[in-house]
There are 2 protein chains.
Amino acid sequence: MTAEPLLLITDDDLLAQRWQDLAPSPLRARGIDGLDAWRAAGHRLVLVDLGCARGGTAPVWTRPAWQRNASGLAILAASSTPDDDEGLAVLNAGASGYCHSHAPADTLRQALDVIASGELWVGRALLSRLLRLVDTRLPRTGLADWATPLTEREREVAQLAAVGDSNLSIALALGITERTVKAHLKAVFEKLDLSDRLQLALRVHGVR
Amino acid sequence: MTAEPLLLITDDDLLAQRWQDLAPSPLRARGIDGLDAWRAAGHRLVLVDLGCARGGTAPVWTRPAWQRNASGLAILAASSTPDDDEGLAVLNAGASGYCHSHAPADTLRQALDVIASGELWVGRALLSRLLRLVDTRLPRTGLADWATPLTEREREVAQLAAVGDSNLSIALALGITERTVKAHLKAVFEKLDLSDRLQLALRVHGVR
DNA sequence: ACGCCACCTGTCCTCGTGGACAATACAGAA
DNA sequence: TTCTGTATTGTCCACGAGGACAGGTGGCGT
């Protein structure tokens, strides 16, 4: 539960006080440059107030310090005036989450837990808007392509293999023998004319 | 922490067993009709396996029992063969979350926590795809992302490995020894915290 | 009843992969 | 000049993957 070291970035003293209890003993920085040192220290979890010097200067997520480190960090971006477009921009810039900076402590803590575990966190409002947007202009084919020649079971096995699961873990997940997994995968490889699971992963995930 | 009563809906006994530890003493139902009684009892939290009678019949989320109750419940829909379109459909049908039915227990528990608190849960893979779909300008971030901590040579090797080349063919392509390729890849795995070339391929190609 | 197919399992065997342990050469920085 | 980082190569080893055999069950349609 947010046991990981947390870095708070805001130049708003009141906000810093509100955030103080989110983790055992969070560190405080006023500028985004603290990111470099934070990452160098081997830490990942960051809560940054987008209100930091917003007026006038370029948005925080376009600064060098952000660009350099966003990839390796789990950054929860918080805004006191949440706005869907800002959320999209900051998420696309590598942040792991976007929320209201004055959200309840429980909500913030949960969001931090989620991004600390490697997932993404997007609030109800923005997320449901995303869903509505995508729903209107439905994506393209998707599944029917690689999955069509496969049986149900082969699809399941292929799906798991394509995200890097080993034969054994697939077997345990599906309650069958490792040998059987191999048999299914062999059929998958033949049907899709693939050489190994890496090629399968590329095919399943639409690479090329 | 998922203290709320939880209803498991699946006709897969193995899955039910895997899910048994998600909450103190979860209830089990084999069909979606249990939803009515569950809501009548004043409960909200549900984990439903979309594999329930999928073949042939209409998708679970179009059945009457679902339509009647989805709004008042916090439903986490799980699929053994996750597919973006299915995810979108089920979320638009009122589910609060969509995930892989064989996801690690910790992940499932976290997802349940999130939807129990009234938020929505969408896995990293689907969510990042949503973001990409909505915001069409995304190229720069993806490129320098995984490559930043790597040296020039490591990047070259990683690039080739990520499209399925064997160590030997990479060696031939770069005019070095297979052993050297291994050394570079070892460094790549360490720097990017990856276990093998399949994970590398997924990272390089922006999956998750 | 017979054949087809999906699903499941077993034992070998070969090979690529990734890690451990070790070493050389060369660049630029302190 | 020493030191650190990059690039290079070597041997040995354990493990998983995939192929090549060779089966077993149950459903389903002709």
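Below, chain A is the first sequence line, B the second, and so on; all start at residue 1. Heavy-atom basis, side chains included; hydrogens, waters and symmetry copies ignored.
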Notebook entry, point to check: Nearest to the side chain of T177(A) - dT8(D), dG18(D), dG10(C)?
Noted result: dG10(C)

Note to self: Among dC8(C), dT17(C), dA7(D), which nucleotide has an atom closest to any side-chain atom of R153(B)?
What the structure shows: dA7(D)

Item checked: Contact nearer the 5' end of DNA chain D, comparing K191(B) with V181(B) -> K191(B)

Check: Quick one: do K186(B) and E190(B) make a salt bridge, cutoff under 4.0 Å?
Finding: yes

Next item on the list: Ignoring the backbone of K186(A), work out which of dA6(C), dA20(D), dT17(C) is nearest its side chain.
Entry: dA20(D)

Checklist line | Atom-to-atom span, CG of L185(B) to P of dG16(C) - whole angstrom | finding: 15 Å

Check: Judged by atom type as modelled, is there a donor-acceptor pair below 3.5 Å linking the side chain of S166(A) to the main-chain atoms of S169(A)?
Finding: yes

Margin query: Between H184(A) and dC7(C), is there a contact of a side-chain N or O with OP1 or OP2 at under 4.0 Å?
Written below: no

Next item on the list: May I have the distance from E152(B) (atom CD) to dT8(D) (atom P), rounded to whole angstrom?
Entry: 12 Å

Margin query: Counting only side-chain heavy atoms from C-beta out, which of dA20(C), dT17(C), dT9(C) sits nearest to A183(A)?
Written below: dT9(C)

Check: What is the distance from CG of N167(A) to P of dG19(D), rounded to the nearest Å?
Finding: 11 Å

Margin query: Given dT17(C), dT8(D), dC8(C), identify the nucleotide with an atom nearest to the side chain of I176(A).
Written below: dC8(C)

Check: Do R30(B) and D13(B) sit within salt-bridge range, that is, some charged N less than 4.0 Å from a carboxylate O?
Finding: yes

Notebook entry, point to check: Counting any heavy atom closer than 4.0 Å, what does E178(A) reach on the DNA or RNA strands: base, sugar-phosphate only, or nothing?
Noted result: sugar-phosphate

Note to self: Without decimals, in angstroms, what is the distance between L174(A) CG and dT9(C) P?
What the structure shows: 11 Å

Margin query: L174(B) vs R153(B), test: side chain to side chain contact (heavy atoms under 4.5 Å, CB included). Steps then yes/no.
Written below: CA-CA 9 Å; L174(B) 299 182; R153(B) 206 52 158 170; 4.2 Å; yes

Checklist line | Atom pair distance, as rounded to whole Å: CZ in R155(B) and P in dT6(D) | finding: 11 Å

Margin query: Without decimals, in angstroms, what is the distance between I170(A) CD1 and dC7(C) C1'?
Written below: 16 Å

Check: For F189(A) and dA20(D), what is the distance between atoms CZ and C1' respectively, to the nearest whole Å?
Finding: 16 Å

Checklist line | Heavy atoms from other residues, nucleotides or ligands near CG of D193(A) exceed 12 (cutoff 6.0 Å) | finding: no

Next item on the list: Mark yes or no for a side-chain to base donor-acceptor pair under 3.5 Å between R179(B) and dT8(D), with no hydrogen or angle criteria applied.
Entry: no

Check: Does T180(A) have a side-chain nitrogen or oxygen under 4.0 Å from the phosphate oxygens OP1 or OP2 of dT9(C)?
Finding: yes

Notebook entry, point to check: Under 4.0 Å between a Lys/Arg side-chain N and an Asp/Glu carboxylate O for D165(B) and R197(B)?
Noted result: no

Margin query: Rounded to whole Å, please give me the gap between CD in Q199(B) and C1' in dG18(C).
Written below: 14 Å

Note to self: Using the side-chain heavy atoms of E154(B), tell me which of these nucleotides is nearest: dT17(C), dC8(C), dA7(D).
What the structure shows: dA7(D)

Checklist line | Distance test, side-chain N/O of T151(A) to OP1/OP2 of dC7(C), below 4.0 Å | finding: yes

Next item on the list: State which of dT9(D), dG18(C), dA17(D) makes the closest approach to the side chain of K182(A).
Entry: dA17(D)

